There are 2 protein chains.
Amino acid sequence: MSKLLDNVCSELQRLPGIGRRTALRLAMHILKMEPEVVDSLSKSISSFRNDIQYCHSCNNLSDSTLCPICSDTSRDHSTICVVEQVQDLMSIENTGQYRGMYHVLGGVISPMQGIGPSDLKIDLLADKLLTGTVKEVIIAISTSVEGETTLFYLLNRLKAFPDVKISTIARGIGFGDELEYVDELTITHALMNRREVK
Amino acid sequence: MSKLLDNVCSELQRLPGIGRRTALRLAMHILKMEPEVVDSLSKSISSFRNDIQYCHSCNNLSDSTLCPICSDTSRDHSTICVVEQVQDLMSIENTGQYRGMYHVLGGVISPMQGIGPSDLKIDLLADKLLTGTVKEVIIAISTSVEGETTLFYLLNRLKAFPDVKISTIARGIGFGDELEYVDELTITHALMNRREVK
């Protein structure tokens, strides 16, 4: 087997969900692409890894020290939505309904994986609250055991700011979800948190 | 969204089977990889595309003008196995049972996709047969309509070499296949080509 082919296949297999067969299929596709297109693919990968920064204010991925959201003065800087990871921020941004700020923790507390509070950007959040401009913190982290641990830790830390309103996003039955297939815990919560309509 | 992230996601989406979500997942994984590892991934992609060659003798992917198989003098140069694509060659090589040469056609005749005999490396095969060293040609191309068309075209072209034995690989029920799920055409062929055991 060609060393170049062997090499590109091994390298591609470092990526998640890509096995030997998929790597080979990708390599064969790369071979059919224009050299300039392949060059721009290859360059985009290394420049992404080398040049990306984390926003100094919210820990979002950014091309500069301040991300486009933090530097947008037309947004509501008095509300911060706390998320686990950048993908979550993107999901919320995609709704186009939220105009506040974000804060990316960079994970959740997980003793099993050796992730403690100091590994997350919690101090950065506390620093932001010290400025006194923040009126509300919306916590939008997952409801896993680790997520709940992180939530309780955060609530404890945020006690230092009694004037800041703290909320968590609503849990309930998703739009389009069929009750038949929804887990018991979600249904229990949805029943408990029922809303009066009349 | 960060331009660098947006860029790497768009580029990754040029690859087959990679959509927006997968591209984002790959990008997030790339971010966690060591910069040197990402550099070597990125370099392996562009050098594969730019430096790979096709073996002048068998059209296999190669790092030089002659592939490792064609330049291996310990192999049987009197037998050539004709395959559609490099992946097929690899599958046969992986069995470790074949010690002859290969010839990679680079596809099959497909009028629907505008691929005619001249788009395949058939002349290169005929040139090799002209040398007189080849005793057998094993045709190992798929049994699709296009594959069968290519087979008939090849048989016709190879009539010019009456001394060369021509065979196709055996069709039948695969090891581990359950008869219940095998298609009728395969079963019909397997019955017709039954082997006497006693």
Side-chain angles (χ1 to χ4, degrees), chain A residues 1-18 20-55 60-64 67-69 85-87 89-91 93-94, chain B residues 1-18 20-55 60-64 67-69 85-87 89-91 93-94:
Chain A
M1 185 166 164
S2 146
K3 281 227 172 58
L4 288 162
L5 175 61
D6 194 39
N7 203 15
V8 76
C9 285
S10 312
E11 293 290 344
L12 286 171
Q13 281 179 85
R14 293 174 184 271
L15 297 174
I18 297 186
R20 190 84 199 150
R21 229 166 250 272
T22 308
L24 195 59
R25 195 162 51 90
L26 293 182
M28 289 305 162
H29 186 90
I30 286 168
L31 212 58
K32 285 184 195 146
M33 286 160 72
E34 292 298 321
E36 307 83 61
V37 175
V38 177
D39 254 13
S40 106
L41 163 68
S42 137
K43 280 195 189 113
S44 76
I45 292 174
S46 47
S47 70
F48 170 65
R49 180 64 187 88
N50 294 325
D51 303 337
I52 199 85
Q53 299 184 46
Y54 291 92
C55 173
N60 182 15
L61 288 181
S62 175
D63 298 341
S64 53
C67 79
I69 295 172
Q85 48 177 8
V86 177
Q87 290 98 309
L89 179 157
M90 285 172 172
S91 294
E93 270 305 278
N94 285 342
Chain B
M1 187 167 165
S2 145
K3 281 226 173 56
L4 288 162
L5 175 61
D6 195 40
N7 203 16
V8 76
C9 285
S10 312
E11 294 291 342
L12 286 170
Q13 280 179 84
R14 293 173 185 273
L15 297 174
I18 297 185
R20 189 82 199 151
R21 228 166 251 271
T22 309
L24 195 59
R25 194 162 53 90
L26 293 182
M28 289 304 162
H29 185 90
I30 287 169
L31 212 58
K32 285 182 196 149
M33 287 160 73
E34 291 298 318
E36 308 82 60
V37 174
V38 177
D39 253 14
S40 108
L41 163 67
S42 137
K43 279 195 190 113
S44 76
I45 293 173
S46 47
S47 71
F48 171 64
R49 181 64 187 88
N50 294 325
D51 304 336
I52 198 86
Q53 298 184 46
Y54 291 92
C55 173
N60 182 13
L61 288 181
S62 175
D63 299 340
S64 53
C67 79
I69 296 173
Q85 48 178 5
V86 177
Q87 290 98 309
L89 178 157
M90 286 173 171
S91 293
E93 270 306 277
N94 285 343

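Throughout, a chain's letter reflects where its sequence line sits, starting with A, and its residues are numbered from 1. On a predicted model such as this, the values are computed, not experimentally measured, just so you know.
One distance of note links CD of A:Gln87 with CG of B:Leu24; it measures 5.0 Å at 0.5 Å rounding. Within the model, atoms CZ of A:Phe48 and CG of B:Leu26 stand 10.5 Å from one another, a figure rounded to the nearest 0.5 Å. Here the straight-line distance linking atom CD1 of B:Ile45 with atom OG of A:Ser46 works out to 9.5 Å at 0.5 Å rounding.
The greatest number of non-hydrogen atom pairs below 4.5 Å with chain A, out of B:Gln85, B:Arg49, B:Met90, is found for B:Arg49. By number of non-hydrogen pairs under 4.5 angstrom with chain A, the leading residue of B:Pro68, B:Pro16, B:Cys9 is B:Pro16. Between chain B and the options A:Leu31, A:Leu89, A:Leu5, A:Thr22, heavy-atom pairs under 4.5 Å are most frequent for A:Leu31. Between chain A and the options B:Leu12, B:Asp39, B:Leu41, B:Ile18, the largest number of non-hydrogen pairs under 4.5 Å is found for B:Leu41. If you tally non-hydrogen atom pairs under 4.5 Å between each of B:Val86, B:Asn50, B:Ile69, B:Val37 and chain A, the highest count goes to B:Val37. Comparing B:Ala27, B:Cys67, B:Ser10 by how many heavy-atom pairs each has under 4.5 Å with chain A, the most go to B:Ala27.
At a 4.5 Å heavy-atom cutoff, the contact between A:Ser40 and chain B is made by backbone and side-chain atoms alike. Neither the backbone nor the side chain of B:Gln13 comes within less than 4.5 Å of any heavy atom in chain A. Residue A:Glu36: no heavy atom, backbone or side chain, is found under 4.5 Å from chain B.
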**Request:** Evaluate the side-chain contact (heavy atoms from CB on, under 4.5 Å) criterion for residues B:Asp51 and A:Lys3: first the C-alpha distance (whole Å), next the side-chain angles of each, then the deciding distance (0.1 Å), finally the verdict.
**Result:** CA-CA 11 Å; B:Asp51 304 336; A:Lys3 281 227 172 58; over 6 Å; no
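In this structure, the side chain of B:Ser2 does not engage the main chain of A:Ser62 through any donor-acceptor pair within 3.5 Å.
Partners of A:Asn7 under the side chain to side chain donor-acceptor pair (under 3.5 Å) rule, at least two apart in sequence or in another chain, do not exist in this structure. With sequence neighbours left out, B:Asp6 forms a side chain to side chain donor-acceptor pair (under 3.5 Å) with B:Arg20.
Counting heavy atoms from C-beta on, the side chains of A:Leu61 and B:Met28 come closer than 4.5 Å. In this structure, A:Val8 and B:Ile52 have side chains that are not in contact, with every pair of non-hydrogen atoms separated by 4.5 Å or more. Contact annotation: the side chain of B:Leu15 approaches that of A:Met33 to within less than 4.5 Å [non-hydrogen atoms, C-beta and beyond].
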